[in-house]
Each structure stands twice: as structure tokens, then as C-alpha cells.
Amino acid sequence: MAESGAEETVSAEASGFSDFSDSELLGFLDLESNQESSSPLGTAGPSSQLPGKDGKDVRFPTGKRELYISSPLERFHLKYLYVTDLCTQNWCEQQMVYGKELPQLLSSEKEDLLNTGASIHLARELEVHDLVNVSITSKEDAWAVKFLNILSMVPSLQSERRIREFPVFGEVNGVLLVGVIDELHYTDKGELELLELKTRRFPMPPREAQKKKDFFQVSLYKYIFDAMVQGKMTAARLIHHTKLHPERPLGPSVLKHAQQGGISVKSLGGLMELVFLSLTMSDLPVIDRLKVEYVHQETSAVLDTEIVPYEEKEVQEKVLHYLAYWTGQRGPKGVDIEEAWKCRTCNYSDICEWRKSGRVHVSPLEPPTKKAK
DNA sequence: ATTGCTGAAGGG
């Protein structure tokens, strides 16, 4: 489906905004907007509820020796978390923490692995839409681009096309989570299916720990996506978390591309309202099927395909547990002894406090145990 | 502004 869209590159003015890189806007390729597409019968999945009304400002007594230990969320100056933060946390929470504290370079071997995976993903993305560079100079611009992408993708999905890299965001237990869904499409049975592609260096199926993490990832995407289409995420809550300024003028490049996409907005606030209308009024169902596909990087051979059972309670429990670390209700936890093998490939095993605490006592340098047959 | 700030995922 190689549709040629307006391809355009706007180079970023190097005007002191080195902190902001260009953002990418998807080409608006489907302005015919076939809104008459039959709405697939959403086989009503388990209704997701977002707990945590939050909004309660905790007051710290100004009294004498009230010590306030800031939460990791505050210490790292994070207004929100990525879905993949929680997934890394699922792999090893302690490793995730070190990754935030010491974002050192990965080993080049690991870097190659990740880059190869990223380029395979990019190639797939380009199969369904073009990319357009948009100059941005503020976080409002960055979010506006994200919203414009959603506005272009929703109709595309509803006219039976697959969409890739769909942005999601949602409030869970008072914390904003942000992520990107790899792919969404309708199956021939009319079910809305989420597909997560995982590429692998070696032509072997994933082990249990890997699957557990990936299953959690897609389940969390569904949790957030469902809440979005059910109108549970509001502009007000998003603004609350991100501290976005809805009335701050958008940059010229963003405005230009909005116009080219047939969207007339002047402010971020107006754009946000459009997005929430689009999400809730487009007859989008909740996600019916979660699929993870493992593919060999070199040969593209499919190594494993998994249909993930969605257990809403388990997802909620896990998220609650992970967020308890972030909100300072508990300290970080490393892997259990059975998963000490993960330490072998961890960059932080030398300095790992969890290991020093003796909870894991398998040396990462220890040779693999030979299995006598 | 005194107090600032983030492409997400990439794979194991």
C-alpha cells in the first residue's frame, strides 16, 4: 500500500533549541475519510477501569523534623513514565533503576542488536505511511505532532487499514504512562488485533522471562488504549501531568502540517479536544486480541507467535507493584535467585547493590552449568 | 520563571 504522500523536510533552525529534535509527522494520506466503514462488533472485552483518582495533594507537615524523602519519580524529574520503563522493570527492576541513574553507553554488541531491531521496525512502519519531518521548538509542539498523528491514524484504522506506531497515553494509579503501539489492525473476523513485533538475534524462540515481559507490554498497551477509546483519559488530566500550556501558540511548522492535513487548529488545547472527540466518537472498539510475533533478524523467519491472554487483574496488580517503587512506597528489587542468569548480560552487575546484598549469589562469570545427560 | 526538562522502543 505504497501511497505517495506529501513528503517534505523542514530542517530545524539551529537556534539554541538544541534540546529539541525534529519530530515526525505521518503523512495525511487518507483524507477521503470513509467514515461509513461498518463498525466491527467489539466483542466486549473486559471493561477496564483505571483506578486511582489521584488529585489528592499530599501535604507534608511543616513541623520540625518531618523528613521528606522524595520519590524516584521526583528524583528523576519525571512527569510520566514510558510503558517500556515498566517492562524493563519487569525484567529487572534494579537494572532499570541503574539505567535511569547511569545512562551509560550500552555495549556495542547490544547497541547493534537494538539498532537492527529498530531499523526493521522502521521498515515495517514505512510500509503503511510516509514520514514527514516537522520542526518543533517546544514540548507543546511535540505533543501536537503526536496528536496530529492520532488524528490521521484513527480514520485509517477505521477504513480497515493497518496502522503502525500508534501513540497511547493514560493515567494509571495517578501516574501518566506514555507509549506507542507497534501495530493495530482488524482481523478478517473483524476483531481489533494488536500486533507487537519482536526481532531476535538468534533463531531461537524466546524464553519464559522474555515472553512474560512482552506479554505484560502488550497487556499494558491494551489497558491504556481501551481507556482512551472509552473516554477515560481527558485533556485536563493530561495537562495536569505534563504541565502543557494549551494556549501557548504552536510553531509554524506544526501549524502548517496541521493545515495540510485538513485540520484547522490554532492552539494545542483545541487540538486536544479534537483528539478526544476522535477517539471516543469513531466507534473504536477495545482491543480484542493481543499477538506477539518473534522474528529472526537475519532471515525474517518467524520463531514464535503468541496469542496473549489478557488478564486485567494481573496487569493492574503488576502496574500497582511497579508504580509503588516509583511513588516511593518501596525500594527497588532485583531479580529472584532463579533469574540470576539475567545478571550475566547486565551492565551493572559489578556495582549492583541487590547482588551485594546477597539475594543473588550466582557469579555472572560463572561458566554455564553443564547438563549431564 | 526563583523552581528548568523527556520521541518510545530497540533486545536479553
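Every chain is numbered from 1, with letters handed out A, B, ... down the list of sequences.
Protein atom CG of A/Leu303 is 12 Å distant from nucleotide atom P of B/dG11, rounded to whole Å. Counting to the nearest Å, the P atom of B/dG10 and the CD atom of A/Gln217 are 5 Å from each other. A/Asp141 places its CG atom 12 Å from the P atom of B/dT6, with the value rounded to the nearest Å. B/dT6 atom P lies 16 Å from atom CZ of A/Phe169, rounded to whole Å. Separating the CD atom of A/Glu111 from the P atom of B/dG12 is a distance of 16 Å, rounded to the nearest angstrom. One interatomic measurement links the two molecules: CH2 of A/Trp143 to C1' of B/dT6, which rounds to 10 Å at whole-angstrom precision. As a whole-Å value, the separation of A/Leu244 CG from B/dG4 C1' is 15 Å. As rounded to whole Å, 11 Å separates atom P of B/dA8 from atom OH of A/Tyr221.
Taking a 6.0 Å sphere around NZ of A/Lys356, one finds it holds more than 12 heavy atoms contributed by other residues, nucleotides or ligands.
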Exercise answer: donor-acceptor pairs, residues 242-252 of chain A side-chain atoms, under 3.5 Å, sequence neighbours excluded:
| residue | atom | partner | partner atom | Å |
| --- | --- | --- | --- | --- |
| A/Thr242 | OG1 | A/Leu238 | O | 2.7 |
| A/Thr242 | OG1 | A/Leu244 | N | 3.4 |
| A/Lys243 | NZ | A/His240 | O | 2.9 |
| A/His245 | NE2 | A/Arg248 | NH2 | 3.3 |

Sequence neighbours excluded and cut-off under 3.5 Å, please list the side-chain donor-acceptor pairs for residues 109-116 of chain A, or say none.
| residue | atom | partner | partner atom | Å |
| --- | --- | --- | --- | --- |
| A/Lys110 | NZ | A/Thr345 | O | 3.2 |
| A/Asn115 | ND2 | A/Glu111 | O | 3.3 |
| A/Thr116 | OG1 | A/Asp112 | O | 2.8 |

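A/Leu78 comes within contact range of at least one nucleobase, with a heavy-atom separation under 4.0 Å.
For a distance-only test at 3.5 Å, the side chain of A/Gln95 qualifies as a donor-acceptor partner of the base of B/dG12.
Side-chain N/O atoms of A/Lys243 include none lying less than 4.0 angstrom from OP1 or OP2 on B/dG4. Between B/dG10 and A/His121, a contact under 4.0 Å exists linking OP1 or OP2 to a side-chain N or O.
Salt bridge A/Glu191/A/Lys291: absent, no basic N to carboxylate O contact under 4.0 Å. Salt bridge annotation for A/Lys100-A/Asp85: present, with a cationic side-chain nitrogen under 4.0 angstrom from a carboxylate oxygen. A salt bridge links A/Arg164 with A/Glu127: the closest approach of a Lys/Arg side-chain nitrogen to an acidic carboxylate oxygen falls below 4.0 angstrom.
Nucleotides of DNA chain B nearest to A/Gln210 and A/Asp85 differ in position, and the one nearer the 5' end is that of A/Asp85.
In this structure, A/Trp91 packs face-to-face on the six-membered ring of B/dG12, meeting both the 5.5 Å centre cutoff and the 30° plane limit.
In this pair, A/Phe216 and A/Tyr322 present their aromatic rings perpendicular. The plane angle is above 60°, beyond the 30 to 60° band.
The A/Leu114 side chain lies nearest to B/dG11 when the options are B/dA8, B/dG11, B/dG12. Which of B/dG12, B/dA9, B/dA8 sits closest to the side chain of A/Lys110 comes down to B/dG12.
Within residues 194-207 of chain A, the residues approached by DNA chain B to less than 4.0 Å at the level of any non-hydrogen atom are A/Glu196, A/Leu197, A/Lys198, A/Thr199, A/Arg200, A/Arg201, in residue-number order.
Rounded to whole Å, the C1' atom of B/dA1 lies 14 Å from the corresponding atom of B/dC5.
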